[in-house]
Amino acid sequence: MENIRLQSADYEPTLPVTEKSNPLTRDIDRASASSIVKMLQACDAQMFQEKSQTEYQRLLSEEIVKTLMEVAERVRLILKDPQDSLVVLSGCGTSGRLAFFMASGFNRELQRLNYAPICSYVIAGGDRALFSSQEAPEDDPTLGALRLKKVSEGKKRVLFIGVSCGLSAPFVAGQLDFCLRHPDVYTPVLVGFNPAHQARNEPLPGCTLTFRSVVTRMEELAKTQKAFLINPALGPEAISGSSRMKGGSATKILLEVVFSASFSRTPVTFNGILQHMRSYKKALDFTYSHSEEIAVLTEAAGRSLQCGRQVCYLGWGSLGLLGLIDASECKPTFGADYEDIRGFVSGGYKELGNNEGDLTLMGPEFSISHDDFLDRVLPRLTDDDTVLLLYSDSDDVDEVAKLAHRVREKTPNIHAAYHQTDGGTAAQQDDINKLCSSTINFTWSQETPKRLQHMRELSTKLLLNAVSTGAHILKGKVFKNYMVDLQVTNSKLYRRAARLLQELSSHSESQSEEALLKAIYQVDKLSEDIMTCSLDTHTHTAGKAKKVVPLALVCLLTGCSIKEAETRLEHQPIVREAVEACLKSS
Ligand code: F6P
């Protein structure tokens, strides 16, 4: 009951659900690896909690299931006319990465079923944002609309599915608005995890619209099925605002349920959809039935980060892709370096099939194949680095064994997460087990092959979110359940940072924002010039600085200069401890 109250409207009433702090994880920063995993489990389980009378609609609510049925029927219409029709999935950050992940997966599945591919994706910042942190394009509604227009050029019917977990990204709002202005071709679907009235109400850059005003227009059209809103509340994220976690998982669940129903040759039914959703709950419970093993892995990853070394995910197929996605979000969330947690996938860009092809030449962070790992990372690997193999019995286990041998020559700190179906274990698997210091063996009972793959993917996502979040917590990158070293590289992150400073320092809103600006521009006094710069300039400048929020907080709590705050943080590089020390002395 308490749990439900704390997720409801009267808890932190000024914040939307996706930005609230979750009472279940208030002490996550001081928890052991095993308690961290248990807290994440409790938070993830909230996704499937049923609705109480006064509550917002939830994942399993009747309204949501009905909307999913309607959207599945729309996808069916597109399937009948692949020449002139298209489904476009789009989003920013992890929402855009999942748009890519699912569009590619659905197209592959369609080809297997002898249908023409019908899905495209748009990610804010283009393909480089698939595995690197590019937050600024999220603020551009015009760019969003242009990218959508370009990808759907010449089509007569387009189902646009925009994902913004917080109902907040201007890029997506611009796309939805574009659809609403061209109803003859476009039908918009919005996926997010706040009730409509909590959609962001700040004017979109360059116009008077807000995300909320776009949602209000969609709500009106939803009455006649000319637009669709899929926006169940999931409860606040384990790390406040970290929508890659539950938000990302629920996005994957919802869209897979819709597409599976529309690809099936049987009618779309309420119970069919509901049962499918419930099977993900089973997958979640099954994943966390391995929580002690997940904690071992989290602890190993945390040790590597604590001593300034790295964690590498070496994956195969879609599980490898999930490794890339998980790793890429650590930079904005925890102020991490791209090398702290890195993903590599067997086959690299060939496996990906992304719009812009091979991006290796764009810089070292775009090297994503196992060959790149062997050339660039393996030679420098030490016992302090952690390597995690991600694969299943449908991958080339011989190849996994070979790579495991190569890694084991450099470090004993190699681990595996292996998915298999009921049945015996291949000889190579025994070999891999012997090489690894821990193996999580997920043995799934028979499901249809496609569903099984989706469940394994969700399970891998949960596992990786736990490992990367837990490792950064153990490194001291989280204070209470706040991301205290976040990057301030777009307007949402800027507002989140200012709010966090106000919350932690108990200073006024204006004092907190001033401190933030001083830390961004590295000055003790704000000039007229700085004060009149646009938010865009602030976030652009913040992208070049490090530890902006910790610096601002130390200044606010101690009244010291930026230089002194820098020295303090150099002496106490563990951000959580630096913050605590200041709080004690303030
Ligand atoms: O701005 C960065 C970020 O917060 C990512 O962490 C997140 O994946 C992305 O924005 C998208 O957020 P949303 O889905 O709420 O639009």
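Because only heavy atoms are used, hydrogens play no part in the values below, and waters and symmetry mates are left out as well, while side chains stay in. Counting starts at 1 for both ligands and their atoms, following the listed order.
For the side-chain contact (heavy atoms from CB on, under 4.5 Å) test with F160, the passing option among L86, L176, V122 is L176; the others fail. Put simply, the residue from R244, R342, K461, R97 that forms a salt bridge (Lys or Arg N to Asp or Glu O under 4.0 Å) with D326 is R244. The only option from V87, L159, V75, I161 that meets the side-chain contact (heavy atoms from CB on, under 4.5 Å) definition with C119 turns out to be V87.
Residues R74 and E70 are not paired through a salt bridge, judged by the lack of any N-O separation under 4.0 Å between the basic side chain and the carboxylate. The residues R499 and E19 are annotated as salt-bridged, a charged nitrogen and a carboxylate oxygen being separated by less than 4.0 angstrom.
Aromatic ring pairs are classed by plane angle as parallel below 30°, tilted from 30° to 60° and perpendicular above 60°; the pair F366 and F131 is perpendicular.
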Which atom pairs, nitrogen or oxygen on both sides, join ligand 1 and the protein at under 3.5 angstrom?
{"from": "ligand 1", "atom 1": "1 (O)", "to": "E138", "atom 2": "OE1", "distance (Å)": "2.8"}
{"from": "ligand 1", "atom 1": "1 (O)", "to": "N490", "atom 2": "ND2", "distance (Å)": "2.8"}
{"from": "ligand 1", "atom 1": "4 (O)", "to": "K492", "atom 2": "NZ", "distance (Å)": "2.8"}
{"from": "ligand 1", "atom 1": "6 (O)", "to": "E329", "atom 2": "OE2", "distance (Å)": "2.3"}
{"from": "ligand 1", "atom 1": "8 (O)", "to": "T94", "atom 2": "N", "distance (Å)": "2.9"}
{"from": "ligand 1", "atom 1": "10 (O)", "to": "E138", "atom 2": "OE1", "distance (Å)": "3.1"}
{"from": "ligand 1", "atom 1": "10 (O)", "to": "K492", "atom 2": "NZ", "distance (Å)": "2.9"}
{"from": "ligand 1", "atom 1": "12 (O)", "to": "K492", "atom 2": "NZ", "distance (Å)": "3.0"}
{"from": "ligand 1", "atom 1": "14 (O)", "to": "S95", "atom 2": "OG", "distance (Å)": "2.6"}
{"from": "ligand 1", "atom 1": "14 (O)", "to": "C165", "atom 2": "N", "distance (Å)": "2.7"}
{"from": "ligand 1", "atom 1": "15 (O)", "to": "C165", "atom 2": "N", "distance (Å)": "3.2"}
{"from": "ligand 1", "atom 1": "15 (O)", "to": "G166", "atom 2": "N", "distance (Å)": "2.8"}
{"from": "ligand 1", "atom 1": "16 (O)", "to": "S164", "atom 2": "OG", "distance (Å)": "2.7"}

